[in-house]
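Here's the structure, in structure tokens; my notes come after.
Throughout, protein chains are lettered first and strands after them, A, B, ... in sequence-line order, and every chain is numbered starting at 1. Because the structure is a prediction, the values reported are computed rather than measured.
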There are 2 protein chains.
Amino acid sequence: MVKYQASAIDRTFSALADPTRRYVLLRLKDEPGLSVSELARPFSLKLPGMMKHLDVLSDAGLITRTKNGRTVSVSLSAGPMREAMEWLRRYESLWTVSIDRLVALVEEDEEQ
Amino acid sequence: MVKYQASAIDRTFSALADPTRRYVLLRLKDEPGLSVSELARPFSLKLPGMMKHLDVLSDAGLITRTKNGRTVSVSLSAGPMREAMEWLRRYESLWTVSIDRLVALVEEDEEQ
DNA sequence: TTGATACTTCACCATATGGCAAAGTGTTGC
DNA sequence: GCAACACTTTGCCATATGGTGAAGTATCAA
């Protein structure tokens, strides 16, 4: 297979491809700074399993870990998701209506 | 590992995690209907290798294949990418500026 | 200082992934 | 028909992935 060094965006999409990892990202959005064991608790997953997922998320730059005493707080780092969106945006024209319609939508949104 | 049936969005992100597959999607955007061997040609990749990538893309619903005689034309099917973007959009607030700035940008864009 | 807590690392396992060569299938052209 | 073409399938291989239990490390609390 000869795995060349995977690029940043490879690592990002690959990290996002797992439901456990996506759920971790969702939780961190609402509750930043959760610890490793708090993140693992809702899953039928031992700590080493969660560690591996967190390693994948770190390698992709999607989270940062900071040690406070013996607990580690994990927080989100959304930059790579932005790049993933930029990549996807190239295809947006294949499903969206015109830019005029987008402006109208934004304006509707503002009126509320 | 006990691989539960991967969900649609799992398959989408997973399909996007490979540079060969992303390049295939880019080519198909500009040149819809390319054949399997035309897609394989630019890579140092034999046909069976490209077949596997196309299978992954099909399973994710990102391409469709239609047989014309002995050649197969492949075309893009962007729906799943839209869903991937919707997922990512939840995090957009973590990196974007205000909606006012977005409106300004859209308007700037229109003036050109 | 000692024991519990909160990770972290290690060794191991089963399955998935991504590649190949070779053989098989269906079309086309002579 | 039959040869060439365009896939497609099969069998194989090496490595990656996602999980475990067990052992190791660092910190806190008594």
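- A salt bridge does not link Glu38(B) to Arg41(B): none of the charged side-chain nitrogens sits closer than 4.0 Å to a carboxylate oxygen.
- One can place CZ of Arg70(A) at 11 Å from C1' of dG3(C), the figure rounded to the nearest angstrom.
- Closest to the Leu47(B) side chain, of the nucleotides dT28(C), dC7(C), dC7(D), is dC7(D).
- Going from atom CE of Met50(A) over to atom P of dT8(C) covers 12 Å, rounded to whole Å.
- Residue Ser35(B) places no side-chain N or O under 4.0 Å from the OP1 or OP2 atom of dA6(D).
- Looking at heavy-atom distances under 4.0 Å, Ser14(B) makes no contact with the nucleic acid at all.
- Closest to the side chain of Arg21(A), from the set dT27(D), dG19(D), dG18(D), is dG18(D).
- Toward the 5′ end of DNA chain D lies the nearest nucleotide of Asp55(B), the other residue of the pair Gly49(A) and Asp55(B) mapping further downstream.
- When the nucleotides dC5(D), dG18(D), dC7(C) are ranked by their closest atom to the side chain of His53(A), dG18(D) comes out on top.
- Relative to the side chain of Pro48(A), the nucleotides dG21(D), dC20(C), dC7(D) differ in distance, and dG21(D) lies closest.
- Spacing between atom CG of Asp10(B) and atom P of dG18(D) amounts to 11 Å, rounded to whole angstrom units.
- Whole-Å rounding puts the Arg65(B) CZ to dT8(D) C1' distance at 10 Å.
- In this structure, Lys46(B) reaches the sugar-phosphate backbone alone: every heavy-atom distance under 4.0 Å involves primed, P, OP1 or OP2 atoms, never a base.
- For the pair Met51(B) CE and dT17(C) P, the computed distance is 17 Å after rounding to whole Å.
- One atom, CG of Leu34(B), and another, P of dA6(D), lie 14 Å apart when rounded to the nearest Å.
- When rounded to the nearest whole Å, the span between CG of Leu54(B) and C1' of dT17(C) equals 15 Å.
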* Could you give me the CA-CA distance, side-chain angles and deciding distance for Asp10(B) and Arg21(A), then say whether salt bridge (charged side-chain N to carboxylate O under 4.0 Å, His left out) is met? => CA-CA 11 Å; Asp10(B) 289 355; Arg21(A) 289 192 293 259; over 6 Å; no
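- Look at NZ on Lys52(B): it is 18 Å from P on dC7(D), rounded to the nearest Å.
- The hydrophobic clustering, which links ILVMFWY residues whose side-chain heavy atoms are closer than 4.5 Å, places Leu76(A) and Leu34(A) together.
- Of the candidates dT8(C), dG18(C), dG19(D), the closest approach to any side-chain atom of Val56(B) belongs to dG18(C).
- The side chain of Ser37(A) contributes an N or O atom lying less than 4.0 Å from OP1 or OP2 of dC7(C).
- Counting heavy atoms from C-beta on, the side chains of Leu39(A) and Glu31(A) never come closer than 4.5 Å.
- The same ILVMFWY cluster, assembled from side-chain heavy atoms under 4.5 Å apart, contains both Leu25(B) and Val36(B).
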